Amino acid sequence: MSSVLDRRPAPATAGPRPTLPRRRTRILVLREARWALAALLLFLLAMPLYLSGAPTWSWAPLFAATYVTGGWEPGWEGLKALKDRTLDVDLLMVVAALGAAAIGQVLDGALLIVIFATSGALEAIATARTADSVRGLLDLAPTTATRLLPDGTEESIEAERLTAGDIVLVRPGERVGADGQILDGASDVDQATITGEPLPVAKQVGDEVFAGTVNGTGALRVRVEREPADSVIARIVRMVEEASETKAPTQLFIEKIEQRYSIGMVLATLAVFAVPLTFGEELRPALLRAMTFMIVASPCAVVLSTMPPLLSAIANAGRHGVLAKSAVVMERLGQIDTVALDKTGTLTEGTPRLTDIRPLPGSGLDEDALHRLAASAEHPSEHPLARAVVTAARERGLPLAAAADFASVPGQGVTATIDGHIVQVGSPARLPAADADRTYEKVVGELEEAGRTAVVVLRDGAPVGVLGIADRLRPDAAATVTALTRLTGRTPVLLTGDNARAARHLAAEVGIAEVRAGLLPQDKVAAVREWEEQGRKVLVVGDGVNDAPALATAHTGIAMGKAGSDLALETADAVVVRDELAAISAVVKLSRAARRLVIQNLAIAGVFITALVAWDLIGSLPLPLGVAGHEGSTVIVGLNGLRLLRETAWTNPAEDTV
């Protein structure tokens, strides 16, 4: 009789999820905000004096100060750009404001300066808020740690001074000071902020802990495995900071055409000024119309259409454990139409689990007895399959017998004396009884056909049972495959180096039809290139060193971060830190939402520019209204892009398939 083991403990009631510490930049710390506030206050002081007919000496210095405080910085940046033969939009705005003042429209020019400075301050604040979410990760790591010296004494040391090999003591309730391995002690560690697990995780000797996670009730001695600069938190910070400094292809394209557009706009402004003069229009209204045209035709809103949505999407994804290394990556994720998934460590958990226990007829053993016999023999072994058998026995509460005369033969199995019997556990192809007794072959064949690794148990030379061991499928694997199929219009493909039989069995479980198994790294690269030659944009998801070449070759690569190799993490364009497979479909959907917002913003900017330019050329657009319309469109597209910072912007399509 067979059994499939899935005796997971019932989930406990989860308490409130921990959140990242708030680390907000104060607005007045930002230089742009200070200058904008100064310009606004000066303008508010000058305006009532100007409108009430007060003497010129009372309001003129205030307006002059408004021009200086709000316009000096963009003007200076524009002049530096002009020195490099680049025409900057900021400089055009300052020139327009000065032109308005030159023809007596002092109030209108000051209003332009104030609105433009305020728009720049809002952009700086939005950027700072994104950076705050990155820096907030640093607060997860404690500033100090307790290091144990060779003589057994303790010393308090700055966490950043820890080095690999140091032994640190983590007391109950403290945050872990560095990524490392537990040498002594056991405890429950709350690592939701790093891995996203809703409940504290039981940790014991040999387990890995991460910097910034919170220790429970037990004391732990931890050996530091990574320098603080290489910890999970430090990597997160570096990747997100790098992402905030990059620009997507759409942004670069807009910057490229911005130069041509600005030059054309200057020429058009000169024409708007000169043509009416040739037909007898007075200087003042012609200059005012030209200044208004320059303002409303400036491409500020177009330039700001792309980065706010993409940076907001990066920040939102980062909060949910997906780190896109650049805005380029966030944009490209929304373009993919083919997904290739690795098997081990990606669709599966990457850890062998005991799945089947098959006592043989005539052995006189039931499932528990067979399992106890095998686990007792395997207990001293460090082999992954042995650990799977022993772990499952502990989970079932089976008492293990002492193993005597233990011996392990690599590639074959183990031998030990258990309760006076010689017990052998290992590969069915290499055990001594393989040629003498073939009664277990049928059971072995059934398990291997089901994608399991078969392990035969012999007692005193006679087979008494077969165990099935497999890498357990991730709980969200099938739902993620379904969600990716719905998003891309194509069912994902399985690319794996495993044998074809195991790969096909797993693919059938999750709904994948196309399987390419037994692949070497270069074979995976060849498959990706084949699809891209067909015009597809391929997303590769993997975790191992053998996946790195395909991750680098693909249109976009995503690495599973929890067990991913360093090479895969460095090569991939994005990393799923919490190891949640369903986050892949969620980030693809978020990227597509960002792309839609970019298109919306471009449309909004285009409508505003077209309408205001037409009004100015055909009718008589008041300068203050032109300023308000131009800067208003800039603010609208900026705020529209920031919508993706909201928690509701992150939706998981895989959850809809469950």
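Every value quoted in this text rests on a predicted model; they were computed, and no experiment measured them.
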Any idea which heavy atoms bring [X] and [Y] closest together, and the distance?
{"X": "Ile469", "Y": "Ala388", "value": "CG2-CB, 4.3 Å"}
{"X": "Ala503", "Y": "Thr496", "value": "CB-CG2, 3.7 Å"}
{"X": "Asn316", "Y": "Leu644", "value": "ND2-O, 2.7 Å"}
{"X": "Ala507", "Y": "Leu494", "value": "CB-CD2, 4.1 Å"}
{"X": "Ala527", "Y": "Leu495", "value": "CB-CD2, 4.2 Å"}
{"X": "Leu645", "Y": "Ala315", "value": "CD2-CB, 3.7 Å"}

Atom pair [atom1]/[atom2] of [X] and [Y] - distance to nearest 0.5 Å:
{"X": "Leu341", "Y": "Leu506", "atom1": "CG", "atom2": "CG", "value": "10.0 Å"}
{"X": "Ser633", "Y": "Leu612", "atom1": "OG", "atom2": "CG", "value": "7.0 Å"}
{"X": "Leu602", "Y": "Leu597", "atom1": "CG", "atom2": "CG", "value": "11.0 Å"}
{"X": "Arg387", "Y": "Leu354", "atom1": "CZ", "atom2": "CG", "value": "14.5 Å"}
{"X": "Ile336", "Y": "Leu487", "atom1": "CD1", "atom2": "CG", "value": "7.5 Å"}
{"X": "Gln335", "Y": "Lys537", "atom1": "CD", "atom2": "NZ", "value": "6.0 Å"}

Taking only residues two or more places apart in sequence or in another chain, which ones pass salt bridge (Lys or Arg N to Asp or Glu O under 4.0 Å) with [X]?
{"X": "Arg643", "result": "none"}
{"X": "Asp207", "result": "none"}
{"X": "Glu160", "result": "none"}
{"X": "Glu227", "result": "none"}

Is the closest side-chain heavy-atom distance between [X] and [Y] below 4.5 Å?
{"X": "Leu581", "Y": "Thr346", "result": "yes"}
{"X": "Glu514", "Y": "Thr491", "result": "no"}
{"X": "Leu590", "Y": "Leu333", "result": "no"}
{"X": "Val541", "Y": "Val576", "result": "no"}

Self-check item: Pairs flagged by salt bridge (charged side-chain N to carboxylate O under 4.0 Å, His left out) wherever residues 501-511 is involved - sequence neighbours left out
Solution: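 Salt bridge (charged side-chain N to carboxylate O under 4.0 Å, His left out) check on residues 501-511 returns Glu448-Arg501, Glu449-Arg501.
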
Quiz item: For residues 519-535, which residue pairs qualify under salt bridge (charged side-chain N to carboxylate O under 4.0 Å, His left out), counting only residues two or more places apart or in two chains?
Solution: Asp342-Lys524, Arg516-Glu530, Lys524-Asp547

Any residue meeting side chain to side chain contact (heavy atoms under 4.5 Å, CB included) with [X], in chain and number order, not counting sequence neighbours:
{"X": "Ala159", "answer": "none"}
{"X": "Arg31", "answer": "Arg34, Trp35, Glu73"}
{"X": "Ile599", "answer": "none"}

Side-chain donor/acceptor of [X] to backbone N/O of [Y], under 3.5 Å:
{"X": "Asp573", "Y": "Val329", "result": "no"}
{"X": "Ser312", "Y": "Gly641", "result": "yes"}
{"X": "Thr482", "Y": "Ala478", "result": "yes"}
{"X": "Asn601", "Y": "Val637", "result": "yes"}
{"X": "Arg474", "Y": "Glu349", "result": "no"}

Exercise. Take Leu539 and Ile584, measure what side-chain contact (heavy atoms from CB on, under 4.5 Å) needs, and give me the verdict at the end.
Key: CA-CA 10 Å; Leu539 168 65; Ile584 295 172; 4.0 Å; yes

Practice problem: With sequence neighbours excluded, tell me which residues meet side-chain hydrogen bond (donor to acceptor under 3.5 Å, both in side chains) with Thr488. | Solution: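 In terms of side-chain hydrogen bond (donor to acceptor under 3.5 Å, both in side chains), with neighbours along the sequence ignored, Thr488 is linked to no residue.
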
Self-check item: Candidates Arg332, Arg490, Arg536 - the one meeting salt bridge (Lys or Arg N to Asp or Glu O under 4.0 Å) with Asp337
Solution: Arg490

Exercise. Check each of Leu484, Val510, Thr338 against Pro492 using the side-chain contact (heavy atoms from CB on, under 4.5 Å) test, and report the only one that passes.
Key: Leu484

Self-check item: Residues in ring pair (Phe, Tyr, Trp, His ring centres under 6.0 Å) contact with Trp650, at least two apart in sequence or another chain
Solution: His320

Quiz item: Under the ring pair (Phe, Tyr, Trp, His ring centres under 6.0 Å) test, which residues partner His555, sequence neighbours left out?
Solution: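 By the ring pair (Phe, Tyr, Trp, His ring centres under 6.0 Å) rule, His555 matches no residue at all.
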
